[in-house]
Trainee: 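This is the structure I have questions about; it appears just below.
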Amino acid sequence: MLTTRPRGTNDVLPEEAFRWQYVEGVFRRLCQDYGFAEIRTPIFEHTELFERGVGEITDIVAKEMYNFFDRSNRKLTLRPEGTAAVVRAYLESGLKSGPHPVKLYYLGPMFRYDRPQAGRYRQFHQGGVEVFGTDDPEADTEVIALAVDFYRRLGLQNFELHLNSIGCKVCRPVLKENLSSFFKIRQKELCPNCQERLEYNPLRILDCKEPKDQEIAKGAPDSLSCLCPSCIAHFEAVLGYLEVLKIPYLIDKQLVRGLDYYTRTTFEIMVADTWAQSSVGGGGRYDDLVAALGGPPTPSIGFAVGLERVLLTMNKQNTPFPAPKNLDVFIVEADKEASRAALELLFFVRAQGLSADKDFLGRSLKAQMKYAAKKKARFVAILGKEEINRQVVSLKDLASGEQKEIFPAEIKEEIGKYKKA
RNA sequence: GUGGGAGUAGCUCAGUUGGUUAGAGCACCAGAUUGUGGCUCUGGGGGUCGUGGGUUCAAGUCCCAUCUUCCACCCCA
């Protein structure tokens, strides 16, 4: 093989592409229904944006970014996530001066240099939403409800909404301080990874999967107990609204999330019984990120869904997809004399809004019929000397096998009967 | 970055203790007398056995390296 695709990337072949279109369509429709407008940002950005936005000590920045220099020696990075770029665009454009809150959604490829495995690829796709300019708990609920609605609309089974609050810049330092003093006592018992985590982000020890560390962490001060009064009020308000909307949730004190910019509400949607990557989407509030990137203080919240993981889960759960739209009619030329008329007929029916195709290999009538059936055409319109002499076409319904002669002008009406049914 | 499984036709795989021109099913193409698909039958095309080295008279088969893939860890979508 002369070329193969780069590691961790995938070709989406026609059969699968149909499923992608469906899932993307559901996501777009959902966002529109919730009052979000699409934003499209570049696929690469200045490296610094992610270093400062996502956080230098995160794994994403430390070891997973696709960095490169362009011909003018600019340091650039293929985007590893969506939020930083959307914040950048929001600040760079007039959006920041427009009516608030600003509600945006995006859909597209992201890149992380990771070892590929089930549900994890170097080029993967996310759909996401961001709400800028409000710290109202209703905005949190809005974003969480949108996330849950997405999985519901797709018909996903057994997903759980995990919720936590990790505090704001007032109470998070308190939590971090409490956690590090708690873990320092038993520092030597922690796994090597967590001993490092203790240095830069003790929060992460909470979701370590080492059984020993989990045992130790059981008695740790949890994030909720350290929240300041306003963060408690915020969190309780979010929970209250979720109850109003009858959205079931699980409070998950272990839920920390890997990106540095999160504050207060964090949430993740998990699907049980799939594979190691049970998270199909997640998000949270990031009240300090806009300011950290040079903008005015702008409380904000967002969410992102991993489309590969959703598709994988749907396939695993045998979630029904709508039937692909097949070809309405396939034009068959019964003999060479009919070729000009067949070509005219092909474009005539297309102009009437029907999907239509014909053979381009000069094959026998029989082979054309076979090809039409394989292409899953619903009807076949046969045109030969006999039809041309009488100014008609033979229209055959491939599902029932019935065939009748009609005038070309009647094709649309004839096929329309079936389309309605 | 770490660990384990796997790479033979487009797909799923077989290939005996190394031994002639590497097979099957499905898929693809064509035919089964006059202008008609799905079923059946017949025939055909298609493989540098992932790639590169090595051992041997001889390698799909043994050894090494490398790439890719699958699964897990770290982490995340």
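Per chain, numbering begins at 1; letters A, B, ... match sequence-line order.
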Trainee: Quickly work out the Asp114(A) CG to rG1(B) P distance and round it to whole Å.
Mentor: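 Going from Asp114(A) (CG) to rG1(B) (P), I get 11 Å.
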
Trainee: Quick one: look up who rU61(B) pairs with, Watson-Crick or G-U, both distances under 3.5 Å, and put none if it's unpaired.
Mentor: none

Trainee: Give the rounded distance in Å between these two atoms: CZ of Arg5(A) and P of rC67(B).
Mentor: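 Atom CZ in Arg5(A) sits about 17 Å away from atom P in rC67(B).
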
Trainee: Could you check how far CD of Glu268(A) sits from P of rA77(B), rounded to whole Å?
Mentor: 7 Å

Trainee: Mark yes or no for a side-chain to base donor-acceptor pair under 3.5 Å between Arg115(A) and rU2(B), with no hydrogen or angle criteria applied.
Mentor: yes

Trainee: Determine the contact category for Val280(A): base if any of its heavy atoms lies under 4.0 Å from a base atom, sugar-phosphate if only primed atoms, P, OP1 or OP2 are that close, otherwise nothing.
Mentor: sugar-phosphate

Trainee: Just how far is it from atom CE of Met314(A) to atom OH of Tyr22(A), taken to the nearest 0.5 Å?
Mentor: 5.5 Å

Trainee: Across all strands shown, which nucleotide pairs with rG46(B) by Watson-Crick or G-U wobble geometry, both distances under 3.5 Å?
Mentor: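 For rG46(B), the partner nucleotide comes out as none, under the 3.5 Å rule.
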
Trainee: Starting at CG of Asp59(A) and ending at P of rA77(B), how long is that distance when rounded to a whole Å?
Mentor: 11 Å

Trainee: Taking any strand in view, what nucleotide pairs with rU36(B) in a Watson-Crick or G-U wobble way, both distances under 3.5 Å?
Mentor: none

Trainee: Centroid-to-centroid, Phe132(A) to Tyr90(A), below 6.0 Å?
Mentor: yes

Trainee: Using the C1' atom as the point on both nucleotides, what is the distance between rA59(B) and rG15(B), in whole Å?
Mentor: 14 Å

Trainee: Say you pick atom P in rA14(B) and the same atom in rA30(B); how far apart are they, in whole Å?
Mentor: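 One P to the other, the span is 32 Å.
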
Trainee: Given 3.5 Å as the limit, does a donor-acceptor pair link the side chain of Glu405(A) with the main chain of Ser394(A), or not?
Mentor: no

Trainee: With rounding to the closest Å, how many angstrom separate the P atoms on rG54(B) and rG45(B)?
Mentor: 35 Å

Trainee: Figure out the CD/P separation between Glu15(A) and rG10(B), and round it to whole Å.
Mentor: 18 Å

Trainee: Reading nucleotides 32-38 of chain B 5' to 3', which nucleotides get B (base under 4.0 Å from a protein heavy atom), which S (sugar-phosphate only), which -?
Mentor: ---BBBB

Trainee: Rounding to the closest angstrom, what is the interatomic distance between rG31(B) and rG35(B) at atom P?
Mentor: 13 Å

Trainee: Indicate yes or no for a side-chain donor-acceptor contact from Ser355(A) to the backbone of Asp328(A) under 3.5 Å, with no hydrogens or angles considered.
Mentor: yes

Trainee: Assign Gly127(A) to base, sugar-phosphate, or nothing according to its heavy-atom contacts below 4.0 angstrom with the strands shown.
Mentor: nothing

Trainee: Could you measure between the two C1' atoms, the one in rC64(B) and the one in rC28(B), and give it in whole Å?
Mentor: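 Pairwise C1' distance, rC64(B) against rC28(B), rounds to 39 Å.
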
Trainee: If the cut-off is 4.0 Å, is Gln117(A) near the phosphate of rC71(B), judged by side-chain N/O to OP1 or OP2?
Mentor: no

Trainee: State, yes or no, whether a side-chain contact exists between Tyr105(A) and Gln32(A) at a heavy-atom distance under 4.5 Å.
Mentor: yes

Trainee: Rounded to whole Å, how long is the line connecting atom CZ of Arg79(A) with atom P of rA77(B)?
Mentor: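 Those two atoms, CZ and P, are 15 Å apart.
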
Trainee: Taking the same atom, P, in rU17(B) and in rC63(B), what whole-Å distance lies between them?
Mentor: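 The same atom, P, in both gives a distance of 14 Å.
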
Trainee: I need the single residue from Phe27(A), Trp20(A), Tyr106(A), Phe111(A) that forms a ring-ring contact (aromatic ring centres under 6.0 Å, His included) with His125(A). Which is it?
Mentor: Trp20(A)

Trainee: Classify Gly119(A) by what it touches in the nucleic acid, base, sugar-phosphate, or nothing, heavy-atom distance under 4.0 Å.
Mentor: base

Trainee: Could you pick out which residue, Pro116(A) or Ile60(A), lies toward the 5' side of RNA chain B when each is mapped onto its nearest nucleotide?
Mentor: Pro116(A)

Trainee: Is any side-chain N of the basic residue among Glu387(A) and Lys385(A) closer than 4.0 Å to the acidic one's carboxylate O?
Mentor: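 Between Lys385(A) and Glu387(A) there is no salt bridge, as every charged N stays at least 4.0 Å from the carboxylate O atoms.
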
Trainee: Now, which nucleotide makes the Watson-Crick or G-U wobble pair with rG3(B), with each of the two distances under 3.5 Å?
Mentor: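 Base partner found: rC71(B).
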
Trainee: Atom CE of Met65(A) and atom P of rA77(B): how far apart are they, to the nearest Å?
Mentor: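 Rounded to the whole Å, the gap is 15 Å.
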
Trainee: Using purine N1 to pyrimidine N3 plus N6-O4 or O6-N4 for Watson-Crick, or N1-O2 and O6-N3 for G-U wobble, both under 3.5 Å, which nucleotide pairs with rU16(B)?
Mentor: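 Partner of rU16(B): none.
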
Trainee: Taking Phe69(A)'s backbone N and O only, do any of them form a donor-acceptor pair with Arg74(A)'s side chain (distance below 3.5 Å, no angle check)?
Mentor: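 Side chain of Arg74(A) to backbone of Phe69(A): no pair is present.
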
Trainee: Could you check whether any side-chain heavy atom of Tyr34(A) comes within less than 4.5 Å of a side-chain heavy atom of Phe150(A), counting everything from C-beta outward?
Mentor: no

Trainee: Report the distance from atom CE of Met270(A) to atom P of rA77(B), rounded to the nearest whole Å.
Mentor: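 So the two atoms are 11 Å apart, to the nearest Å.
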
Trainee: Roughly how many Å apart are rU56(B) and rG18(B), using the C1' atom of each and rounding to a whole number?
Mentor: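 About 9 Å, rounded to a whole number of Å.
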
Trainee: What distance, rounded to whole Å, do you find between the two C1' atoms, one in rG60(B) and one in rU8(B)?
Mentor: 7 Å

